[in-house]
Amino acid sequence: MSKIISGKELSAELKAAMAARVAEFPAKYGRVPHLAVILVGDNPASVSYVTGKAKAAAEVGIRNTTIRRPADISEEELLGLIAELNADDEVDGILVQLPLPKHIDEDKVIAAIDIRKDVDGFHPLNVAALWQKQPCTLPCTPKGIMKMLERAGVAVAGKKAVVIGRSNIVGLPVAKLLLDANATVTIAHSRTADLPAVTREADILVVAIGRPKFVTADMVGDGAVVIDVGVNRDPETGKLCGDVDFAAVEGKASVITPVPGGVGPMTITCLMENTVECFLAKMGE
Ligand code: GUN
C-alpha cells in the first residue's frame, strides 16, 4: 500500500496558520490582502477553479474580488481592466484565469500584469528570475508540489525525477524546482520515445499531461513517489480523476497523491500564500 499525501489536509493546516497571521494585518497595516481574479467566459473548469479560489480566500481572511467578463471581450478591453487593477493601490494580487479565448494573446495579457501583483508567477520577468535562481514569486502548482514532497519526508537530492508534461504552468517550473532541490530531472512529453521505459526509472514521477488515467501500473517503478497534477473527468464514470490510474498504481508507489484532494487544494493554498507575500512586500516587509 502506498502512503497517500493529502493535499486537502496539508492545505487546511497551512490555511489555518495563514488565517491567524492575516487576522493581525488590519491592526498592523490597516487592511487585509486583496486578490483580484479575472474570469473571461464560462468554461466550467475555470468557473470551478475560480470558485475554489474565492472560498479559500474567505477561509484565510483575504479579500477576493472576482471580475467576470464575457468570452467576446476584446483584448484591448481586457488589457484596460488589467491596467486599472495595476493602478489600484488596494489590489495586491491579480490573477487572470487561463485559458483565455483564442482571439486574445495570453502572453500579452500575462506580461501586462504588474510583476509585483503577479500572484501566479507567470510574468516573463518572474519566469526569468526563477530560471536564474533569483527571488521571485513561484508558480502555485509547482510550489504546492514541493511542499507536499517535503511534508511526506521525500528526500529529493540525488533522486531521479521524471516530469511528464512541459507546460509553462506546471511541467517546466516544477522541473526547475526539482533541479534546484538537486534531483536529476528528465522532462518527458507526448513525443518521448518509449515513455514507459523512461517513467519506470523515476524515483519521483510528476504527471501533468492532462489525460485521464494515462499513467498505468506498468509505467511506475516499485516504490516510486507519484505526484498527480491532472484534473479530468473519467470518460467511463464521469467522476473526477487524475492523470494517474490511482487504483492500479496505489499498490506500487511508496507515496502517491489522490485526485481530488491532492495537488489541486495545494495550488489554491499557494495562491493565497503568494497573495500574502505580494501584500507584505508592498507593506515594506
Ligand atoms: N489555469 C489552470 N491553472 C491555472 C493557474 O494556476 N493559474 C491561472 N491563472 N490559470 C490557470
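One-based numbering, in listed order, for ligands and for the atoms of each.
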Subject >> For Cys140 against Val119, the heavy-atom pair lying closest together >> reply: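 Scanning both residues, the minimum pair turns out to be SG-O, 3.7 Å.
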**OP:** Locate the shortest heavy-atom distance separating His34 from Glu90; write the atom from each residue and the value.
**Re:**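 Smallest interatomic distance, heavy atoms only, reads ND1-O, 2.7 Å.
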Subject >> side chain to side chain donor-acceptor pair (under 3.5 Å) contacts in which one or both residues fall within residues 68-84, not counting sequence neighbours >> reply: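 Checked against side chain to side chain donor-acceptor pair (under 3.5 Å) - neighbours excluded - the pairs reaching residues 68-84 are Ser74-Glu77, Glu75-Lys108.
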Original post:
Angle class for the Phe279/Tyr29 ring planes (parallel below 30°, perpendicular above 60°, tilted otherwise)?
Top reply: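 Geometry flag for Tyr29 against Phe279: perpendicular rings.
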Original post:
What pairs of residues pass the salt bridge (charged side-chain N to carboxylate O under 4.0 Å, His left out) test when at least one of them lies in residues 229-247, not counting sequence neighbours?
Top reply: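 Residue pairs with at least one partner in residues 229-247: Lys213-Asp234.
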**OP:** With sequence neighbours excluded, tell me which residues meet ring-ring contact (aromatic ring centres under 6.0 Å, His included) with Phe214.
**Re:**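 Phe214 satisfies ring-ring contact (aromatic ring centres under 6.0 Å, His included) with no residue once adjacent residues are dropped.
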Subject >> Neighbouring protein residues of ligand 1 - any heavy atom closer than 4.0 Å >> reply: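 Correct list: Leu95, Val96, Gln97, Leu98, Asp120, Phe122.
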